[in-house]
Amino acid sequence: MVGENKQQPPKESWGGKLEFLLSCIGYCVGLGNVWRFPYLAYENGGGVFFIPYFLMLFLCGIPIFLTELSLGQFSGEGTLGVWKTVPAFKGIGYGMIAVSFFVMIYYNIVIAYSLHYLVAGFNKVLPWTECNAWWNKNVTRAYCEISTMLTPEMNNCSSTTMRQTRIQTPNSLLTIWASHWASSSAPISVSGQKFQLTITPQVAWLLVFACLYKGVQSVGKVVYVTATFPYVVLVILVIFGATLDGAKDGIRFYLKPDVSKLGDSKVWAAAATQIFYSLGVTFGGLMVMSSYNKFDNNILRDTFIVSCGNCFSSVFAGFGVFSFLGHMAYKNCIKVEDVVASGPGLAFIAYPEAMSLLPASQFFSALFFIMLVTLGLDSQFAMVDVLIAGFLDEFPSFRYGWKRTVVLTSVCLIGFLLGIPILTNGGYWFFNLINDYSAYHGLLILALCLIVVQHFVYNFKTTKFRFVSDLEEMVGSISIITKGYFYSMWYLITPVMLLYVIITAFSSYDTIANGYRGVTGDAADSPIQVFPEWSNTIAMLMSMTPAVIIVVYFVVSILLKGLSSLNPADDFMSQKEKEEHGTGNPAFREIAPAQELQSDL
């Protein structure tokens, strides 16, 4: 055995503490901070929404975030290996892999769209400003035609009288066509370009492959750019946006408080859900990234830095988004709420149009879409690594050499193939299906199970406060105040809040078919059913997959191994113990012989 240990490759690890910190920031600060949070704030009380948002950060986000980091760093293993703590609940690890797998598919398409818009934005005339291109629909052409018919006086939005006249005229053709365009063109912006878009997903997956090819060593260097560049762009956009006409109206619209919203339970549930999406908890990425840390890395400090920094980034991004939307509303002489959008509608319709109204529009367009690419890549790295780490936890002989390259290639190829339907004419609706249901009910159930299993089962089943003892072994003594905060969260408030959010999510559930019923023509009673009824079944199957996996794995484990599967596995050791026993690489503790290891290297 000693001879084998000498042949083992060293455990993968970050090149320094800053690499891990930047990787976590890049993973957490993603597309949702830019395209989801600002709209969510506006919809749920403006500046008042910040109160439940930051409260949910401290009541749910931070406690779950630290739990994930602790599991990964203490064991030094991935999403599946960490469940040697409580083997019966290894299904939680598989559930995390399922969520990351679903999200990984459409996330890459967002990166592909961003790359496509980035390249297209270098044209002398921005393509999305054209009125007679082959991809334009009639509603867009009508909007353009009406705009060209307006006199200079009518386009003078600085005139209060003219501005009010155009905004308040309900039968104005411009207002009608603009509203139709804003609401109906979302699926059109990419559907007509589906052939060209088959190239950009390949490029996006090649970028992911290249950055993960050498494992954490290559990712650790890439994040110096991908994690910091979005902040540079955001600062530029916020500062420049504040100087634009109409920016004040947009920011006022973003921050305008509606205190009555604090009494709405759905607002609090929305705040908690956004915390989950924004921090990326229970996706498995945090576990995998922290498993590459040294045993004594101060994850307690990192938890507060990343969590708080992520939420302030969301708020800050809102200023940049709404200043430009305010300017776009001003230039078109319409209300801010008429141009507000969320998700892909904001990223690929509203914001590009706002950019086209600026001087040096190509420059700002390039900045914006490079920012989207870097935001997407950081999160994509982690989600793909969750799948790879999970596979390698189960089949450790594939961890190094050409075998690992085969695993990485397979994951990227499968992700590319499954993303192709999103590039078809109906791809926008496939996108919404996965986006809305890949990480919702199941993700919330994963979070509740994670907290209960680690802090009630593992923490007390063998040794009282074992989880806390493990944490202090890594970071040193924890102050009474900090312990009091985490004890009150882990053992009472966080599980109760999670249960509340889950109940609210199910009680307010509406089928995807009903949720996307549109209106056609001028009659409000002529709904279009975009999704067929069977799509509801697919949506809920995808959403509940993690929960089903947890239950099935638990039942099978109990039937095969009895209640002993609720105790830590016999071979469960901390990362520190593995190093002391000469088994620093958990993947190679008792596996392939030295000859196979040497051939792989």
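Sequence positions, counted from 1, serve as the residue numbers for this chain.
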Rounded to the nearest 0.5 angstrom, the CG-CG distance for Asn33 and Asn310 is 5.0 Å
Problem set entry | Donor-acceptor contact below 3.5 Å, side chain Ser543 vs main chain His441 | yes
query = In terms of heavy-atom contacts, does CZ of Phe430 have more than 12 from other residues, nucleotides or ligands at under 6.0 Å?
reply = no
Q. Do the side chain of Asn435 and the main chain of Phe431 share a donor and acceptor less than 3.5 angstrom apart?
A. no
Exercise for review: May I ask you to decide if Thr282's main-chain N or O and Glu68's side chain share a donor-acceptor pair within less than 3.5 Å?
Suggested key: yes
Should we say atom NZ of Lys248 is surrounded by more than 12 heavy atoms from elsewhere, each under 6.0 Å from it? no
Self-check item: Parallel, tilted or perpendicular, as decided by the 30° and 60° cut-offs, for the rings of Phe58 and Phe304
Solution: tilted
Tyr440 meets the ring-ring contact (aromatic ring centres under 6.0 Å, His included) criterion, sequence neighbours left out, with none
Donor-acceptor check, side chain of Gln362 to backbone of Lys124, threshold 3.5 angstrom: yes or no?
yes
**Q.** Residue pair Leu498, Ile64: steps toward the side-chain contact (heavy atoms from CB on, under 4.5 Å) verdict
**A.** CA-CA 11 Å; Leu498 287 172; Ile64 301 174; 4.1 Å; yes
message = In terms of relative ring orientation, are Phe54 and Phe50 parallel, tilted or perpendicular, with 30° and 60° separating the classes?
response = perpendicular
Main-chain N/O of Ala120 paired with Asn123 side-chain donor or acceptor, under 3.5 Å:
yes
Rounded to the nearest 0.5 angstrom, the CZ-CE distance for Phe363 and Met355 is 10.5 Å
Can you classify the ring geometry of Phe37 versus Tyr53 as parallel (below 30°), tilted (30 to 60°) or perpendicular (above 60°)?
tilted
Can you check whether Phe240's main-chain N or O pairs, donor with acceptor, with Thr243's side chain at less than 3.5 Å?
yes
**Item:** salt_bridge(Arg252, Asp249) N-O dist < 4.0 Å
**Value:** yes
>> Is the distance between the ring centroids of Tyr27 and Phe283 under 6.0 Å?
In response: no
Rounded to the nearest 0.5 angstrom, the CD1-CG distance for Ile512 and Leu433 is 4.5 Å
Is there side-chain contact between Thr374 and Val225, with heavy atoms separated by less than 4.5 Å?
-> no
Review point. Just by modelled atom types, is the Ala269 backbone N or O under 3.5 Å from a matching donor or acceptor in the Thr273 side chain?
Key: yes
Parallel, tilted or perpendicular, as decided by the 30° and 60° cut-offs, for the rings of Phe348 and Phe369: parallel
Tyr231 meets the side-chain contact (heavy atoms from CB on, under 4.5 Å) criterion, sequence neighbours left out, with Ile25, Val29, Ser313
For Tyr500, the ring-ring contact (aromatic ring centres under 6.0 Å, His included) test, sequence neighbours excluded, returns none
